[in-house]
Visitor: 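Below is the structure I would like to discuss, written out as structure tokens.
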Amino acid sequence: MKIALDFYRRPDPVQVAHDLLGKYVYTNINGVLTGGRIVETEAYAHINDQACHSHLGRYTARTQIMYEPGGVAYVYLVYGRYALFNIITNEAGKADAVLIRGIEPTVGIPEMLLRRGVTEVKRNLTGGPGLLTQALGISTQHYGTDLTGTTIWLEDQQEPVAEDLILASPRVGIDYAGDDAALPWRFRIKGSKWTSPAR
DNA sequence: ACATTGATCCGCT
DNA sequence: GCGGATCAATGTA
């Protein structure tokens with residue numbers, strides 16, 4: 001089942017990030033299907049969260065898509081090298097987002113190896129936010145893509161993740177956010193070898 | 001128009 | 001465990 005808009009438009013991005021674990025993300029780019037199971041996410045909120053690009057109503061050329069109704073892709077370049085794939089959540093004007101940080105590859109593995117320029121199926125194929133975008137072929141040209149369309153979409157395969165397998169911890173790489181960096185808004189499936197290295 | 005800064009990854013120690 | 005790559009977006013003037 002493709003995930004419908006009401007899933008993304010719920011008001012709490014932390015809940016959406018939590019619920020995305022165990023779901024599947026697919027891309028069909030240049031006619032090639034690739035995809036995998038989501039094992040790591042992070043939530044960003046537009047209020048009371050200095051780490052979020054839209055915090056306190058910042059509205060710029062980069063962040064304008066965040067103010068759309070939930071269910072579109074927010075892709076941006078970080079450190080001049082890596083595209084990061086976010087899902088916009090909540091209703092129009094409430095610019096929340098969930099960053100997809102890690103997936104377990106399931107479909108189109110040969111193509112993903114090719115795109116990543118590696119030969120082994122191990123963590124550095126899709127385990128990390130800048131890596132899974134390369135593997136899935138997601139780039140900044142997918143900024144604003146409708147996630148209920150046929151280029152990038154998510155599916156619920158009815159494989160819920162047991163609550164005691166979900167690890168909530170502080171987000172990484174956002175020291176500039178002050179106290180908000182301590183919020184436990186990073187979700188991982190315990191024991192998955194496809195998440196970012198432990199910290 | 002210019003200077004600063006990252007929601008990261010990789011290679012070397 | 002640490003530092004460098006590398007550049008678009010953002011803030012400041």
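Naming convention: chains lettered A, B, ... in sequence-line order (proteins, then strands); numbering from 1 in each chain. Note that the coordinates shown come from a computational prediction; the quantities given were computed from them, not determined experimentally.
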Visitor: Is there a donor in the side chain of A:T60 and an acceptor in the side chain of A:T63, or the other way round, less than 3.5 Å apart?
Guide: yes
Visitor: With sequence neighbours left out, write down each residue that passes side chain to side chain contact (heavy atoms under 4.5 Å, CB included) with A:D146, or none if nothing qualifies.
Guide: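 In terms of side chain to side chain contact (heavy atoms under 4.5 Å, CB included), with neighbours along the sequence ignored, A:D146 is linked to A:T148.
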Visitor: When Watson-Crick pairs (N1 to N3 and N6-O4 or O6-N4) and G-U wobble pairs (N1-O2 and O6-N3) count only below 3.5 Å on both distances, what is the dot-bracket string of DNA chain C, with | for other-strand pairs?
Guide: |||||.||||||.
Visitor: Test of understanding: with side chain to side chain donor-acceptor pair (under 3.5 Å), list the residues that count as partners of A:R58, not counting sequence neighbours.
Guide: none
Visitor: What are the bounds, 5' to 3', of the part of DNA chain C that sits under 4.0 Å from heavy atoms of chain A?
Guide: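 Contacts span C:dA5 to C:dG11, reading 5' to 3'.
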Visitor: Provide the closest heavy-atom pair for A:R9 versus A:G70 in the form atom of the first, atom of the second, distance.
Guide: NE-O, 3.0 Å
Visitor: Members other than A:L84 in its cluster, when Ile, Leu, Val, Met, Phe, Trp, Tyr link by side-chain heavy atoms under 4.5 Å?
Guide: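 Besides A:L84, the hydrophobic cluster comprises A:Y44, A:Y59, A:I65, A:M66, A:Y67, A:V72, A:Y74, A:Y76, A:V78, A:Y79, A:Y82, A:I88, A:L99, A:Y143, A:I174, A:Y176, listed by chain and residue number.
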Visitor: Kindly write out the residues that satisfy side chain to side chain contact (heavy atoms under 4.5 Å, CB included) with A:V118, not counting sequence neighbours, or none if the list is empty.
Guide: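 Once residues adjacent in sequence are excluded, the partners of A:V118 under the side chain to side chain contact (heavy atoms under 4.5 Å, CB included) criterion are A:L113, A:R116, A:N124, A:L125.
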Visitor: Distance under 4.0 Å to a non-hydrogen atom of chain A counts as contact; along DNA chain B, which nucleotides mark the start and end?
Guide: B:dG6 to B:dC10
Visitor: Please list, by residue number, the residues of residues 78-89 of chain A whose heavy atoms come closer than 4.0 Å to an atom of DNA chain C; answer none if no residue qualifies.
Guide: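 Residues of residues 78-89 of chain A under 4.0 Å from DNA chain C: A:Y79, A:G80, A:R81.
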Visitor: I need the full list of ring pair (Phe, Tyr, Trp, His ring centres under 6.0 Å) pairs touching residues 10-30 of chain A, with sequence neighbours left out, sorted by first then second residue.
Guide: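 For residues 10-30 of chain A: A:H18-A:F187, A:Y26-A:W153.
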Visitor: Applying side chain to side chain contact (heavy atoms under 4.5 Å, CB included), can you list everything that pairs with A:L167, at least two apart in sequence or on another chain?
Guide: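 Partners of A:L167 by the side chain to side chain contact (heavy atoms under 4.5 Å, CB included) criterion, ordered by chain and then number, come out as A:R188, A:K190.
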Visitor: Can you sort out the partners of A:A162 under side chain to side chain contact (heavy atoms under 4.5 Å, CB included), two or more places apart, ordered by chain and number?
Guide: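 Side chain to side chain contact (heavy atoms under 4.5 Å, CB included) list for A:A162, sorted by chain: A:D164, A:L165.
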Visitor: Listed by chain and number, what are the ring pair (Phe, Tyr, Trp, His ring centres under 6.0 Å) partners of A:H142, not counting sequence neighbours?
Guide: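 Partners of A:H142 by the ring pair (Phe, Tyr, Trp, His ring centres under 6.0 Å) criterion come out as none, since no residue qualifies.
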